[in-house]
Amino acid sequence: MASTLDHEAIVIGSGFGGSISACRLAKKWPGKVLLLERGKRYPMGSFPRKPHDMATNFWNIKKELRKRPGHVRNQDMHGMFDVRFYKHMDAVVCAGLGGGSLIYANVFLQPPDEVFDENWPVQCKKQDLQHYYQTARSVLGARPIPAQTEPGRKVVRTDLFKQFAESEGRQSELVDINVFFGNDFEKPLPIGVQQPNRYGAIQTSCVYCAECDVGCNTHSKNTTDLNYLHVAEHKYKASIKTEQMVEKIVPLNADGRDDSEANGEFGYRVYWYDLTDNQVQCSATTRRVVVSAGTLGTNEILLRCRDSFKTLPHINQHLGQHFSGNGDFLSFVIDGNKPADPNYGPVITQKTDFNLFSDFDRSKAFILEDASYPNFAAWYTEGMKPVWAKIPALYRGIKRFIQRFLSGRTNGSVADELNELLKDDMSYRSAVLLCMGIDNSQGQLTLDKRANININWPRKQNMPLYQAILAMGERFKRFVGGKHFFPLPNWWWPKRSNVTVHALGGCRLADNPGRGVTSADSDSFGQVFGYPGLYVADGSLLPTAVGANPVATISALSEKVAEGITGIKPDPSGEL
């Protein structure tokens, strides 16, 4: 039977978990691993920037019949941003080769020891994951921003957030970020200089454009297509197929036929739609499957296979339970009297701790990070000012023009008038506050009547965390003398929905099937209980929120999953 299978492994999804799985499994079985990704490839310079292209850079497949933004609802679109609307919790996920790494905020941060409570199996406490944390850290090139002494390296908001932390009696620290400044951490390349990274992919020393979250056109972000996936494809000959949307997984019986009553010991068949070929259905057989479609994608595939297609009927009832939004909360302080310059530098540079890393308080533990947004968004913000806000600048400009005209002085007038119009740039004096914290991880993922994933989020039970974050935002406003503080519009009354970009849980690691969906035993780590050869490797493994940016923990757990499958311990130096 083994000789008739098409592949040794099929990996579904190419975020951190999928990329790590593809690389590690392809090293074990060169040329025998297939990775399926629903999104497109994004070569250097290919991320949209023009208004028209940005407006269509969303994901929508009409046959899915999801609730989508109105302008994309009636057309098939293979863009990067997949925006989902649910009751009390909306979500943004990414479609593209590299998955969430294409739009994440680059931060590599281990959570505190207190996060790994009784909900975490004894085999994957923080100390047990250190080897895997170090491995992922090395591959992803985590480091703080270079010293701000060189021209172009100054990030104004870093100092502003540090000053706010001091005013609160709290600690602000630079965070490690997965951004390319050259291969030598001690001697960063000049801004904009290109160089092959240690794995052979061409990258550019960070240009400080603040475009990390909309796709890095200079490939300065250490996205997984530039390390794990690059090695998987070019060194170990993994087959990577993009714009392929997985539908279902079916176990095979001893005769190699689809059999929903089989347990997977003879392999699996994976069915998917080729989005580049009229959505024709394709399939392939494999010894093992690694589901790494992101928390929402992975839970949706497995829930459909259990409850709709009935192809994996024995996945236990913990599937979809213990969902977390990782306490994500984004807000803004507008038009302060201290410069913030949120349009320059990597999207995150520092963290300020609020009862997460010190004086741990589970009910209100969070961190504050100094988020940014791209330059082109700043021009949009300036253009969106109400007319009354522009009158003083227009008045001053007209007055100066008349004075010059009457005096006969015209030299430099255009530059002077532009200065009058632009010097009160509201964006320069506004700040973006990104918070993450310890929510109660008691959300539920279920299927709606169309067999699409749905989030049931207990907002009220998490209000102590959200109220602590809101109170901090008001204090930040007072500190900078801001005119306004407000969260994302989703939070405005009466909707009161939060937004997560760090969906976690639903396929919880556990010591036994009575506590979770996937095994925490070293020999079967990440394997779905009852289905040998079926694994999960992404954020859905996490038993609880981690408070810190979850990339480091997702990557560490995925490295451990891959080790259990291949029997090869990863090299903490980052050799792939």
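Hydrogens, waters and symmetry mates are skipped; everything else that's a heavy atom, side chains included, is used. We count residues from 1, following the sequence as given.
For NZ of Lys248, the number of neighbouring non-hydrogen atoms (other residues, nucleotides, ligands) closer than 6.0 Å is greater than 12.
Looking only at distances, no side-chain donor or acceptor of Glu369 sits under 3.5 Å from a matching main-chain atom of Leu434. Side-chain N or O atoms of Asp353 include one that pairs as donor or acceptor with a backbone N or O of Ser358 at under 3.5 Å. In this structure, the side chain of Asp259 does not engage the main chain of Asn253 through any donor-acceptor pair within 3.5 Å. When atom types are taken as modelled, the side chain of Asn222 and the backbone of Leu140 share a donor-acceptor pair closer than 3.5 angstrom. Side-chain N or O atoms of Gln527 include one that pairs as donor or acceptor with a backbone N or O of Gly533 at under 3.5 Å.
A cation-pi arrangement is absent between Arg84 and Trp59 under the rule of less than 6.0 angstrom and at most 45 degrees off the ring axis. Under a cutoff of 6.0 Å and an axis angle of 45°, Lys27 and Tyr236 do not form a cation-pi pair. For the pair Arg288 and Trp29, the cation sits on the ring face: its NZ or CZ lies under 6.0 Å from the ring centre, inside 45° of the axis. Within the cation-pi definition used here (under 6.0 Å to the ring centroid, within 45° of the axis), Lys560 qualifies as a partner of Phe525. Within the cation-pi definition used here (under 6.0 Å to the ring centroid, within 45° of the axis), Lys125 does not qualify as a partner of Phe116.
One side chain, Asn440 or Asn462, offers a donor N or O that lies under 3.5 Å from an acceptor on the other. Side-chain atoms of Asn490 and Asp90 include a donor-acceptor pair closer than 3.5 Å. Judged by distance alone, the side chains of Arg304 and Asn452 do bring a donor and an acceptor atom under 3.5 Å apart. Under the 3.5 Å distance criterion, with hydrogens and angles disregarded, no donor-acceptor pair is assigned to the side chains of Ser292 and Asp538. Side chains of Asn106 and Lys221: a donor-acceptor N/O pair is present below 3.5 angstrom, by distance only. Residues Gln321 and Gln442 have side chains that never bring a donor and an acceptor to within less than 3.5 angstrom of each other. With no hydrogens or angles considered, a side-chain donor-acceptor pair links Asn119 and Arg508 at under 3.5 Å. Judged by distance alone, the side chains of Thr544 and Ser441 never bring a donor and an acceptor atom under 3.5 Å apart. Checked by atom type, the side-chain pair Tyr133/Glu559 shows no donor-acceptor distance below 3.5 Å. Between the side chains of Asp225 and Tyr42, no donor-acceptor pair is found at a separation under 3.5 Å. In the model, Ser519 has a side-chain atom that pairs as donor or acceptor with a side-chain atom of Ser524 under 3.5 Å. A donor atom on one side chain and an acceptor atom on the other are found under 3.5 Å apart for Asp258 and Tyr271.
A salt bridge does not link Arg41 to Glu243: none of the charged side-chain nitrogens sits closer than 4.0 Å to a carboxylate oxygen. For Lys241 and Glu37, the salt-bridge test fails: no basic side-chain N is under 4.0 Å from an acidic carboxylate O. A salt bridge links Arg38 with Asp82: at least one charged nitrogen is closer than 4.0 Å to a carboxylate oxygen. Between Lys569 and Glu563 there is a salt bridge, with a side-chain nitrogen of the basic residue lying less than 4.0 Å from a carboxylate oxygen of the acidic one. A salt bridge links Arg257 with Asp255: the closest approach of a Lys/Arg side-chain nitrogen to an acidic carboxylate oxygen falls below 4.0 angstrom.
With sequence neighbours left out, the side chain to side chain donor-acceptor pair (under 3.5 Å) criterion links Asp176 to Arg137. The side chain to side chain donor-acceptor pair (under 3.5 Å) test applied to Asn57 returns no partner, not counting sequence neighbours. For Asp274, the side chain to side chain donor-acceptor pair (under 3.5 Å) test picks out Gln244, Thr276, with sequence neighbours left out. Partners of Glu247 according to the side chain to side chain donor-acceptor pair (under 3.5 Å) rule, which considers only residues two or more places apart in sequence or in another chain, are Tyr273, Gln281. For the salt bridge (charged side-chain N to carboxylate O under 4.0 Å, His left out) test, no residue two or more places apart in sequence or in another chain qualifies with Lys87. Contacts of His234 classified as ring-ring contact (aromatic ring centres under 6.0 Å, His included), with partners at least two apart in sequence or in another chain: His230.
At least one side-chain heavy atom of Ile453 sits under 4.5 Å from a side-chain heavy atom of Arg66. The closest side-chain heavy-atom distance from Val33 to Ile10 is not below 4.5 Å. Using a 4.5 Å heavy-atom threshold, the side chains of Asp76 and Gln279 count as touching. Counting heavy atoms from C-beta on, the side chains of Leu356 and Pro112 come closer than 4.5 Å. Residues Trp272 and Ile12 fail the side-chain proximity criterion, which asks for heavy atoms closer than 4.5 Å. With a 4.5 Å cut-off on side-chain heavy atoms, Leu102 and Met80 count as touching.
Using a 30° and 60° split on the angle between ring planes, Tyr268 and Tyr531 fall in the tilted class, from 30° to 60°. Ring-plane geometry between Phe354 and Phe366 is classed as parallel, the angle between the planes falling under 30 degrees on a 0 to 90 degree scale with a further cut at 60. Using cut-offs of 30° and 60° for the angle between ring planes, the Trp491 and Tyr466 rings count as perpendicular.
Nearest approach of Leu252 to Ala262, heavy atoms of both residues: O-CB, 3.4 Å. Between Gly39 and Thr242, the shortest heavy-atom distance links the atoms O-CB, 3.2 Å. The minimum heavy-atom distance between Asp439 and Ser324, with the atom names listed, is OD1-OG, 2.9 Å. Among all heavy-atom pairs drawn from Leu447 and Ser308, the shortest one is CD1-OG, 3.7 Å.
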